[in-house]
Each structure stands twice: as structure tokens, then as C-alpha cells.
Asks: 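Structure below; questions to follow.
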Amino acid sequence: MIDICLATYNGERYLAEQLDSLLAQTAPDVRILVRDDGSTDATLAILHDYAARHPRTITLIEDDVHCGAPAPNFMEIMKHSTADYVMFSDQDDYWYPSKAEHMLAVTREQERLAGGSQVPVLAFGDYRVVDADLQPIDVPEGHLQISAFHLSLNRLLVQNYVTGCTMMINRAACELAGDWEPAILMHDWWLALCCAAMGRIVHDPTVLMDYRQHGDNDVGAKDVKSWRYRFDRLRDPASRTSSVDYFRQAQALEERHAAHMPPQARRTLERFLAIPGMGKLGRMRMLLAGRYLKSDLVRNIGFLLWI
């Protein structure tokens, strides 16, 4: 079985279209687990209507928990998953019919190469950037974060390369996630760290969905090499303190999973966590020596200056 975790909040505008695309998946034995986080629009009415019409496929999770953000909402849904494989759906995208079936084949192949389903596996694909009407947006592929991936633990400690709505994880990876805590920056980033440290991550270049950009996205596709983006990042005060969040998330990873990590992954994590206790030059040297680096030169210059 495949569980698709769908997190919603005030998503009435595009929700029905996305639900239709999830229901059209060609993979057999798919279940949609939906949890709304306190919507005040028609989202809940839409969910109840779809759940009533598709009771075998759609399970609506209703509780008194207020998450307040996508990451804890998704991780709350994961607690209800019992399937061998788990996927994650935003409320405003559009999946191609073969998405779940294709990613299932990719994930199973990685399990085979890793030696079995007991190894945590995360596989993720690609997307087409579209506007609110599902029309392609002209962003050069080389300017998107998805154009280059660094999936080793040292690189993932300082930048996330996995887009949650494109990924599938197996049961072993799902069980690593645990409860959300404020140190976890995003559910997809957290799962990527867990699998990089204790399992396997693979990127498949197949485009399997439309990633809708409509101005209200919590996280969206951006032209990361445009000068406007770079200038905005350089002047954003949050960019200068973001490393504090990276170390906090890494600390949570160590506290939960260090005892189960292979020696090399544990050393990579320990060396990273030692950086805040060093002087400025020592911190810069350790980032370079350990290759705790971001995806391009401009980001790395800012990271080294502000660390």
C-alpha cells in the first residue's frame, strides 16, 4: 500500500483539482490521508465531500491538534500511516497519473540495491513549474535548486535539496521521523537528513507533477540565480542567522539518532556540531575542510561571512 499524506489549510481554490489528480493515480492500493489544520474557508467542506464519495481511498484525520505550519502537520499525518510506502502532497499542485507508480518502482529498486526494505530509503523526482492555471513558467532549469543535487550528509546539514511533494519514503524511513519539534525546519529536510545518515537517498529526473506557483505558497520554486533573489537573500537579516537553525536541527538529529548511525555519518555530524565552539577562522576552515557547503558560490560566500 501507498499512503499519500495531504496537509491542508485554507486551500479551497485548488484542492478539488489536486484531489482529482491523486484519485487518478495508476498505482494500485493507494490511500489518501488528509489532515486539515484549522481552515476557515471551504476546505473542510470539500474534504468531507470527497471523503464521503471515496470512503475506501480517502481518510480524513480529525483531531484537536493545532500544528500551525506545514512541517508539523505532515509529521502529524505520518503518525497515522501504516503503509509500506509514503508520499507527501501539497494542496495546490497537480500530480500526473503515473507519479505514485513510477516512484514506487524507483524506491523498490533502491531497496533492492541497499539489501532490503529494512534500509531507510528516500526517492524524489522532478516537477514542472507552472502558474495558477497550470501554464508553464519560464524559469531556466539551471536557475532552479533542482538543477543540481548534493545528497551527502555534510551538504544536507546546511541546505535542503529534497522537495517534499516529489518524494516517496519507505516504512523504515517513516519510522525514523518521530515527532515534530521546533528544531525540525521542514519535514522533507528532516527525512533527508535521517536517510542520508542512516539509509539511502536517490534523485530520479522524471518530471511527475506540476508545481503550482500562485503567490501564497509556503515554500515555492524560485529563480535562485537571479540577481533579485540573491540581493534579497543578502539583505535579509534571517540569512545572517540561519546557521543557528542548521545547528539546532543537527543537534536534534544527534540526540535522536547518533547511536544508530554508521561511524562515518556520526563523525560528519559531530564535526559539524563542533563548529559553533570555534573562533571565526576556525569555523570557516571547518566548513571548507568538511565541505559543509551550499549549492553555489554566492551562497557559500555569504555563509562563510556570516557563520
Side-chain angles (χ1 to χ4, degrees), residues 1-12 14-39 42-97 99-104 107 117 120-125 162-180 184 186-191 194-195 208-209 218-219:
M1 175 180 278
I2 300 170
D3 279 341
I4 300 176
C5 299
L6 171 58
T8 64
Y9 176 72
N10 286 348
E12 64 177 3
Y14 308 110
L15 181 56
E17 192 171 23
Q18 173 64 325
L19 284 167
D20 288 339
S21 78
L22 300 183
L23 289 166
Q25 293 300 299
T26 58
D29 208 11
V30 170
R31 179 173 63 165
I32 303 168
L33 299 177
V34 192
R35 184 183 179 281
D36 185 72
D37 198 38
S39 291
T43 294
L44 268 175
I46 295 170
L47 293 177
H48 279 289
D49 174 58
Y50 270 79
R53 288 190 283 124
H54 305 278
R56 294 185 178 182
T57 306
I58 299 177
T59 298
L60 182 56
I61 301 166
E62 297 184 277
D63 54 38
D64 295 326
V65 178
H66 176 66
C67 293
N73 196 4
F74 276 115
M75 293 186 72
E76 193 66 30
I77 300 171
M78 289 174 66
K79 296 178 183 179
H80 297 265
S81 172
T82 57
D84 293 329
Y85 302 96
V86 182
M87 303 181 78
F88 302 85
S89 171
D90 295 334
Q91 64 188 3
D92 47 10
D93 297 324
Y94 185 86
W95 288 21
Y96 303 165
K99 183 174 189 287
E101 185 175 8
H102 181 91
M103 292 309 299
L104 179 62
T107 305
S117 60
V121 170
L122 185 158
F124 66 106
V162 176
T163 303
C165 57
T166 71
M167 73 182 183
M168 173 181 280
I169 59 174
N170 63 0
R171 171 52 41 189
C174 186
E175 291 175 355
L176 285 179
D179 293 334
W180 181 82
I184 296 174
M186 281 300 291
H187 63 290
D188 48 16
W189 196 349
W190 177 249
L191 286 165
C194 289
C195 289
L208 296 166
M209 59 171 285
D218 281 293
V219 179

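Just so it is clear, the structure is predicted and the values come from calculations on it, not from any experiment. Note: hydrogens, waters and symmetry copies are ignored here, and every other heavy atom, side chains too, is used.
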Asks: Going by salt bridge (charged side-chain N to carboxylate O under 4.0 Å, His left out), name the residues that satisfy it together with D36, two or more places apart in sequence or in a different chain.
Replies: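 Once residues adjacent in sequence are excluded, D36 has no partner under the salt bridge (charged side-chain N to carboxylate O under 4.0 Å, His left out) criterion.
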Asks: Residues two or more places apart in sequence or in another chain: which of them pass salt bridge (charged side-chain N to carboxylate O under 4.0 Å, His left out) with R53?
Replies: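 With sequence neighbours excluded, R53 shows a salt bridge (charged side-chain N to carboxylate O under 4.0 Å, His left out) to D49, given in chain and number order.
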Asks: With no hydrogens and no angle check, is any side-chain donor or acceptor of S21 less than 3.5 Å from a backbone partner on Q18?
Replies: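 Confirmed, S21 side chain pairs with Q18 backbone.
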Asks: Does D37 use its side chain to pair, donor to acceptor, with the backbone of G68 at less than 3.5 Å?
Replies: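 Flag set: sc D37 to bb G68 pair under 3.5 Å.
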Asks: Taking the side chain as every heavy atom from C-beta outward, state whether V30 and Y85 have any atom pair closer than 4.5 Å.
Replies: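 Answer no - side chains too far apart.
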Asks: Do F124 and D188 come close enough that some side-chain heavy atom pair is under 4.5 Å?
Replies: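 They are not in side-chain contact.
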Asks: Going by salt bridge (charged side-chain N to carboxylate O under 4.0 Å, His left out), name the residues that satisfy it together with D29, two or more places apart in sequence or in a different chain.
Replies: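 Here no residue qualifies.
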Asks: For A173, which residues count as a side-chain contact (heavy atoms from CB on, under 4.5 Å) partner, sequence neighbours excluded?
Replies: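 Partners of A173 under the side-chain contact (heavy atoms from CB on, under 4.5 Å) test: P120, I169, N170, C195.
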Asks: Any sub-3.5 Å donor-acceptor pair from T166's side-chain atoms to T163's backbone N or O?
Replies: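 Yes; at least one donor-acceptor contact below 3.5 Å.
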Asks: Among residues at least two apart in sequence or on other chains, which ones pass salt bridge (charged side-chain N to carboxylate O under 4.0 Å, His left out) with E12?
Replies: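 Not a single residue meets the salt bridge (charged side-chain N to carboxylate O under 4.0 Å, His left out) criterion with E12.
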Asks: Listed by chain and number, what are the side-chain contact (heavy atoms from CB on, under 4.5 Å) partners of E175, not counting sequence neighbours?
Replies: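 Per chain and number, E175 pairs via side-chain contact (heavy atoms from CB on, under 4.5 Å) with R171.
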Asks: With a 3.5 Å cut-off and no angle check, do the side chains of E101 and T26 form a donor-acceptor pair?
Replies: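 A donor-acceptor contact under 3.5 Å links the two side chains.
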Asks: So, the side chain of W190 versus the backbone of A177: is there a donor-acceptor pair under 3.5 Å, distance only?
Replies: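 Judged by distance alone, yes, a pair lies under 3.5 Å.
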Asks: Distance-only, no hydrogens or angles: does the Q91 side chain make a donor-acceptor pair with backbone N or O of A16 under 3.5 Å?
Replies: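 Absent.
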